[in-house]
Amino acid sequence: LSHQSGAMCRVGFDTNPLRNRCYTVHVPYDPAGFEGENFLRLLSSVTGEDPAVAWDRPWLSVSEAPRQWAQEQLGGRAAIAVALRGGIRERCWPPEKFRQMLPELVRHGFDICLLGTRAEIELAQRVSVGLPRERLVMMVGRASLVEVAALMSQCRAFIGTDSGLMHLAAGVGTPVVGLFGAGIEPKWVPQGPQPRLLNRHLSCSPCPRFGSTPRCPRQVQCLQDITVDEVLAAVCDLARHVQTAVSHAVTTGIA
């Protein structure tokens with residue numbers, strides 16, 4: 001598609017001699033580096049400028065209309081955004097662990113904003129059975145990507161595995177509790193404010209090769225071994241850190 005576009009300037013990573021024929025500009029690729037920085041190099045090769053991003057601050061903006069919509073949906077709750085799936089099987093935390101964790105989040109004083117696609121509606125209903133309806137904001141299959149970003153921007157924290165929603169949460173400035181297993185942590189670790197990463201670092205992980213993840217013969221042990229108590233501890237620690245930072249900002253007149 002790049003070659004057949006006929007564009008005079010076609011930029012790509014210098015990783016494959018055959019694919020390089022499609023590009024007019026070849027950009028070095030760091031296989032061990034943060035992916036955001038890799039892609040920024042594509043842009044700078046065209047503009048001639050360094051589009052520096054402060055990754056520890058929000059780098060995606062949410063416009064006023066979806067932000068107000070999200071505030072109405074959450075109703076001032078101290079909510080934790082929870083993404084139920086990570087795409088492929090090798091990036092998914094077991095449903096039974098979500099089922100155990102959600103009531104514990106409520107017990108710790110948090111409301112829950114469940115996020116996901118229409119394909120996850122049945123899963124969301126299953127893991128949220130018994131939760132007080134007034135403590136749950138069910139948005140699985142009910143929100144666009146822009147609306148999901150707006151919802152996460154209003155939440156206290158995000159819990160999820162290595163996924164697109166994890167990066168979206170980091171982009172809008174929501175502190176992340178990231179569950180890592182198969183993924184390459186240095187490449188995909190969220191660069192937002194004070195991420196809490198849980199990773200068993202098993203001998204077989206990370207396992208992606210050349211952009212694809214093989215079928216796991218160990219029943220995704222890397223994620224299975226992450227406990228509910230660990231996730232809860234990370235969320236509570238993150239919430240305390242955020243509250244301390246907010247209180248300091250208010251006290252010193254920064255906010």
Side-chain angles (χ1 to χ4, degrees), residues 29-39 55-56 80-105 110 112-117 119-120 122-124 126-128 140 148 152 155 157-172 174-239:
Y29 179 79
D30 181 1
F34 176 51
E35 200 72 331
E37 293 293 341
N38 276 325
F39 278 92
W55 297 109
D56 60 342
I80 303 294
V82 178
L84 294 176
R85 302 285 290 175
I88 62 174
R89 166 179 171 267
E90 283 68 23
R91 295 175 190 265
C92 294
W93 205 39
E96 60 270 20
K97 299 210 172 189
F98 281 107
R99 179 70 184 87
Q100 297 167 21
M101 179 186 70
L102 297 183
E104 288 299 309
L105 286 173
F110 300 112
I112 298 162
C113 179
L114 274 187
L115 303 171
T117 67
E120 294 151 23
E122 187 275 333
L123 172 63
R126 183 154 42 97
V127 301
S128 63
V140 177
V148 167
M152 290 196 292
C155 286
F158 167 88
I159 301 173
T161 58
D162 179 16
S163 64
L165 288 187
M166 179 188 71
H167 295 289
L168 190 60
V172 297
T174 302
V176 165
V177 175
L179 284 58
F180 270 76
I184 303 171
E185 186 177 313
K187 180 175 289 297
W188 296 111
V189 59
Q191 303 291 306
Q194 301 294 319
R196 302 299 194 271
L197 303 181
L198 300 175
N199 192 338
R200 281 289 182 266
H201 296 289
L202 300 184
S203 59
C204 56
S205 63
C207 56
R209 297 293 182 270
F210 306 108
S212 64
T213 303
R215 190 74 171 173
C216 179
R218 302 173 64 176
Q219 302 302 311
V220 198
Q221 181 185 347
C222 54
L223 288 176
Q224 289 273 4
D225 285 356
I226 296 175
T227 69
V228 171
D229 285 344
E230 288 177 299
V231 177
L232 289 171
V235 172
C236 291
D237 178 61
L238 193 54

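Start at 1 with the first residue, then count along the sequence.
Put simply, CH2 on Trp55 and CD on Glu37 are 6.0 Å apart, with the number rounded to the nearest 0.5 Å. Between Leu232 atom CG and Gln100 atom CD the span is 10.0 Å, to the nearest 0.5 Å. Going from atom CG of Leu179 over to atom CD1 of Ile226 covers 4.5 Å, rounded to the nearest 0.5 Å. Rounded to the nearest 0.5 Å, atoms CD (Gln224) and CG (Leu202) are 11.5 Å apart. Rounding to the nearest 0.5 Å gives a distance of 5.0 Å between OG of Ser203 and CZ of Arg218.
Shown here are the side-chain hydrogen bond (donor to acceptor under 3.5 Å, both in side chains) partners of Glu120, two or more places apart in sequence or in another chain: Thr117. The salt bridge (Lys or Arg N to Asp or Glu O under 4.0 Å) search around Arg85 returns none, not counting sequence neighbours. A search for ring pair (Phe, Tyr, Trp, His ring centres under 6.0 Å) contacts involving Phe98 returns Trp93, not counting sequence neighbours. In this structure, the side-chain contact (heavy atoms from CB on, under 4.5 Å) partners of Ala124, at least two apart in sequence or on a different chain, are Leu84, Leu114, Met138, Val140.
Within the structure, salt bridge (charged side-chain N to carboxylate O under 4.0 Å, His left out) contacts touching residues 178-191 (residues at least two apart or in different chains) are Glu35-Lys187. Applying the salt bridge (charged side-chain N to carboxylate O under 4.0 Å, His left out) definition to pairs two or more places apart or across chains, those involving residues 90-101 are Arg91-Asp162.
In terms of heavy atoms, Met152 sits closest to Phe158 at SD-CD1, 3.6 Å. Considering all non-hydrogen atoms of both residues, Cys155 and Cys113 come closest at SG-CB, 4.2 Å. Between Asn38 and Gly33 the shortest heavy-atom distance is ND2-O, 3.8 Å. In plain terms, the two heavy atoms of Asn199 and His201 that are nearest each other are OD1-N, 2.9 Å. Pairing each heavy atom of Pro208 with each of Ala182, the nearest pair is CD-O, 2.8 Å. Residues Val127 and Leu102 come closest through the heavy atom pair O-CD1, 3.6 Å.
Cys92 has its side chain out of reach of Val220: every pair of non-hydrogen atoms, C-beta onward, lies at least 4.5 Å apart. A 4.5 Å side-chain heavy-atom check between Cys207 and Thr213 finds at least one atom pair inside the cut-off. By the 4.5 Å heavy-atom criterion applied to side chains, Ile159 and Leu105 are counted as neighbours. Side-chain contact between Met101 and Val235: absent, with no pair of heavy atoms (C-beta onward) separated by less than 4.5 Å. Contact annotation: the side chain of Cys222 never approaches that of Phe180 to less than 4.5 Å [non-hydrogen atoms, C-beta and beyond].
Between the side chain of Ser163 and the backbone N or O of Thr161 there is at least one donor-acceptor pair closer than 3.5 Å.
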(message) Ser205 vs Arg200, test: side chain to side chain contact (heavy atoms under 4.5 Å, CB included). Steps then yes/no.
(response) CA-CA 9 Å; Ser205 63; Arg200 281 289 182 266; over 6 Å; no
